[in-house]
Structure formats: structure tokens, C-alpha cells
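Encoded as C-alpha cells, the structure appears first; notes follow it.
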Amino acid sequence: MNYWLMKSEPSAFSIEDLQRRPGQIEPWDGVRNYQARNMMRDDMAVGDGIFFYHSNCDIPGIVGIATVVREAYPDDTAFDPQSKHFDPKSLRERPRWFMVDVGFVRTLSRTITLTELKGDPALDGFPLTRRGNRLSVMPLSKVQWDYILSLE
DNA sequence: GCCAACGTTGGC
DNA sequence: GCCAACGTTGGC
């Protein structure tokens with residue numbers, strides 16, 4: 001079992017949105033970064049743990065927990081000229097982009113903020129707190145996962 | 001293969 | 001809204 005952190009701008013899609021979805025499941029479409037894609041496609045399995053992170057908002061931080069409910073499959077928004085995630089280079093017979101389905105688990109009782117994660121010596125080297133990091137999907141060790149959960 | 005231009009991310 | 005970081009694109 002692997003552990004992940006996935007970023008979303010709450011103005012676009014929040015943990016509350018996920019909770020309200022039918023079946024509390026959402027396809028995680030729109031990832032257009034190769035590193036993030038490779039992790040989703042090659043390393044994510046059903047049952048993996050996900051920290052749901054709100055970015056680009058008043059208080060950036062981890063707000064909830066989700067889980068992988070379907071392994072990677074082609075991101076069909078890449079085929080849709082109407083979609084803002086459209087990519088003419090992604091073909092149905094040879095898809096370039098993939099997505100997983102994410103299922104709601106729970107919201108945290110409080111936001112574990114980026115500020116406190118940044119200032120925490122126990123999380124030295126954690127990708128999220130490294131300067132300039134922009135990955136929207138990143139792996140965590142079980143130790144990091146458990147430690148961050150203990151902060152709740 | 002280099003690298004300048006450009007677009008995007010995301011904290012502040 | 002600003003801007004640093006950084007990935008991608010495309011001319012050469």
C-alpha cells in the first residue's frame with residue numbers, strides 16, 4: 001500500500017465537493033505533468049491512501065483523506081476539444097494522459113497547514129515543503145503519513 | 001542538443 | 001496581483 005498527497009484548488013474542486021459527489025467518487029482528471037502521470041499510472045493501486053491538499057487558497061494545507069478506488073485509465077478530457085484539458089497530441093488509440101478515481105474517506109478535524117508542515121523538522125525533505133515544488137501528485141512514506149496524521 | 005521564450009503553478 | 005520556480009516548446 002502506498003501513500004500520496006494530491007493537490008486541488010478548492011475553488012475548482014474541494015474536499016467538500018468530493019464528499020457531495022454521487023458515491024463520493026471523482027475521476028482525478030486534468031493532470032498534465034509527466035512525473036505526476038507516471039506515479040498515477042504506474043504506482044497507484046486501489047486502496048492507497050491520499051491526503052487531500054487545498055492549494056492556492058487562504059489557508060493552504062491538508063484538509064482530508066481520500067483513497068484510490070480505481071486504477072489509472074485514460075483521461076478522456078484530453079480527447080475533448082471543449083475541455084480546458086484538451087490535448088490534441090493525446091489519441092484514443094495511444095492516450096498520453098491518465099487518471100485515477102478518488103473516493104472520499106473523511107475530512108480532518110482541522111486543516112494541517114502548509115505553514116506548520118514547512119516548519120516541522122520531522123518533515124525535512126518532504127516534497128511539499130521543498131522550495132519551488134509544483135508537483136500536484138507526490139508520494140509519502142508510511143512514516144510521513146502516520147506522522148502527519150498524528151498532528152491532527 | 002542548446003537555450004530563449006512562454007505558460008503554469010501556487011505561495012504570499 | 002505579483003513573481004519565483006520550473007516544465008515545455010520550438011527555432012537554430
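Chain letters run A, B, ... following the sequence lines, proteins first, then strands; residues in each count from 1.
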With DNA chain C as reference, determine whether Arg134(A) or Arg96(A) sits nearer its 5' end, using the nearest nucleotide of each. Arg134(A)
Heavy-atom nearest nucleotide on DNA chain C for Asn56(A) versus Arg32(A): which residue maps closer to 5'? Asn56(A)
Tell me: CE of Met6(A) to P of dG10(B), nearest whole Å? 12 Å
In this structure, how many angstroms lie between the P atom of dA4(C) and the CG atom of Asn133(A), rounded? 18 Å
Would you say a side-chain N or O of Lys7(A) is under 4.0 Å from OP1 or OP2 of dG10(B)? yes
How many whole angstroms separate atom CZ of Arg37(A) from atom P of dG7(C)? 15 Å
Without decimals, in angstroms, what is the distance between Tyr34(A) OH and dT8(B) P? 15 Å
Can you find a pair of side-chain heavy atoms, one from Tyr34(A) and one from Arg37(A), that are under 4.5 Å apart? yes
Can you confirm whether the side chains of Thr77(A) and Asp80(A) place a donor and an acceptor under 3.5 Å from each other? no
Reckon Lys118(A) has a side-chain N or O less than 4.0 Å from the OP1 or OP2 of dC12(B)? yes
For Asp146(A), is there an ion pair with Lys142(A) - N to carboxylate O distance below 4.0 angstrom? yes
Using whole Å, report how far CG of Leu117(A) lies from P of dG11(B). 11 Å
Rounded to whole angstrom units, what separation is found between the CG atom of Asn33(A) and the P atom of dT9(C)? 12 Å
Which whole-number value in Å describes the distance from Asp87(A) CG to dT8(B) C1'? 15 Å
Rounded distance (Å) that lies between atom C1' of dG7(B) and atom NE2 of His85(A): 15 Å
